Amino acid sequence: GREISIADLVELLFEVTGRRKDLVSDEARIRPKDSEVHRLLCDATRAREWAGWTPQVSLEEGLRRTAGWVRDHLDDLTATRYHV
């Protein structure tokens with residue numbers, strides 16, 4: 001139920017992890033100004049209505065937990081290819 005830009009999400013990740021890196025933007029991937037999509041926002045209303053699901057942690061806490069898991073499992077991750 002909260003909108004956040006990719007830039008703000010990256011800043012939040014810097015804050016949560018206590019690490020900062022230089023950001024590089026690929027001009028070819030920036031959304032054109034005349035794009036029909038101006039913003040994307042996830043709405044979990046149906047998940048709540050259909051399955052009774054509600055988030056149990058905040059975005060910040062979820063990022064902290066994820067960052068901690070990644071830190072503890074770096075040897076399990078393959079950094080030679082793109083991960084989604």
Side-chain angles (χ1 to χ4, degrees):
R2 174 176 147 197
E3 185 174 1
I4 188 168
S5 70
I6 297 299
D8 288 345
L9 181 61
V10 170
E11 288 298 326
L12 183 56
L13 281 166
F14 288 157
E15 180 183 319
V16 164
T17 62
R19 304 181 91 184
R20 182 170 274 289
K21 292 287 184 178
D22 291 333
L23 295 180
V24 178
S25 293
D26 181 350
E27 294 296 322
R29 297 186 54 110
I30 294 176
R31 183 170 293 147
K33 289 183 181 189
D34 295 335
S35 173
E36 62 186 47
V37 178
H38 297 284
R39 57 191 265 237
L40 300 171
L41 174 62
C42 180
D43 180 355
T45 300
R46 288 204 175 153
R48 184 179 60 250
E49 291 173 352
W50 293 355
W53 179 86
T54 57
Q56 301 298 303
V57 297
S58 67
L59 174 60
E60 291 81 2
E61 179 60 23
L63 291 174
R64 277 187 200 89
R65 291 181 187 187
T66 301
W69 185 92
V70 168
R71 184 180 51 251
D72 294 344
H73 294 89
L74 282 175
D75 293 338
D76 300 330
L77 301 175
T78 304
T80 59
R81 65 176 202 251
Y82 183 73
H83 291 274
V84 178

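Since this is a predicted model, take the numbers as computed values, not measurements. Counting begins at 1 with the first residue of the sequence.
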Shortest non-hydrogen contact from Leu12 toward Arg2: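 Smallest heavy-atom distance, with atoms named: CD2-NH2, 4.1 Å.
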
Closest approach of Leu13 to Leu63 (non-hydrogen atoms, all atoms of both residues):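 Nearest heavy atoms, Leu13 then Leu63: CD2-CD2, 3.7 Å.
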
Applying the 4.5 Å side-chain criterion to the ILVMFWY set and letting contacts propagate, would Val10 and Val16 be lumped into a single cluster?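 No, separate clusters.
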
Please answer: with hydrophobic residues joined when any side-chain heavy atoms are less than 4.5 Å apart, are Phe14 and Leu59 in the same cluster?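 In one cluster: no.
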
Count the heavy atoms of every other residue, nucleotide or ligand shown that sit under 6.0 Å from CD1 of Ile6, and state whether that count exceeds 12.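 12 or below, so no.
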
Is the side chain of Gln56 donor-acceptor paired with the backbone N or O of Thr54 at a distance under 3.5 Å, no angle test?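 Side chain of Gln56 to backbone of Thr54: a pair is present.
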
Would you please name every residue forming a side-chain contact (heavy atoms from CB on, under 4.5 Å) with Glu61, sequence neighbours left out?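 So Glu61 forms a side-chain contact (heavy atoms from CB on, under 4.5 Å) with Val57, Ser58, Arg64, Arg65.
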
Can you name the residues that form a side-chain contact (heavy atoms from CB on, under 4.5 Å) with Asp26, not counting sequence neighbours?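 Asp26 satisfies side-chain contact (heavy atoms from CB on, under 4.5 Å) with Ala28, Arg29 once adjacent residues are dropped.
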
ring-ring contact (aromatic ring centres under 6.0 Å, His included) partners of residues 40-76, not counting sequence neighbours, each pair once: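 Non-adjacent pairs meeting ring-ring contact (aromatic ring centres under 6.0 Å, His included): Trp69-His73.
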
CZ on Arg48 to CG on Asp43, rounded to 0.5 Å: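 The distance works out to 7.5 Å.
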
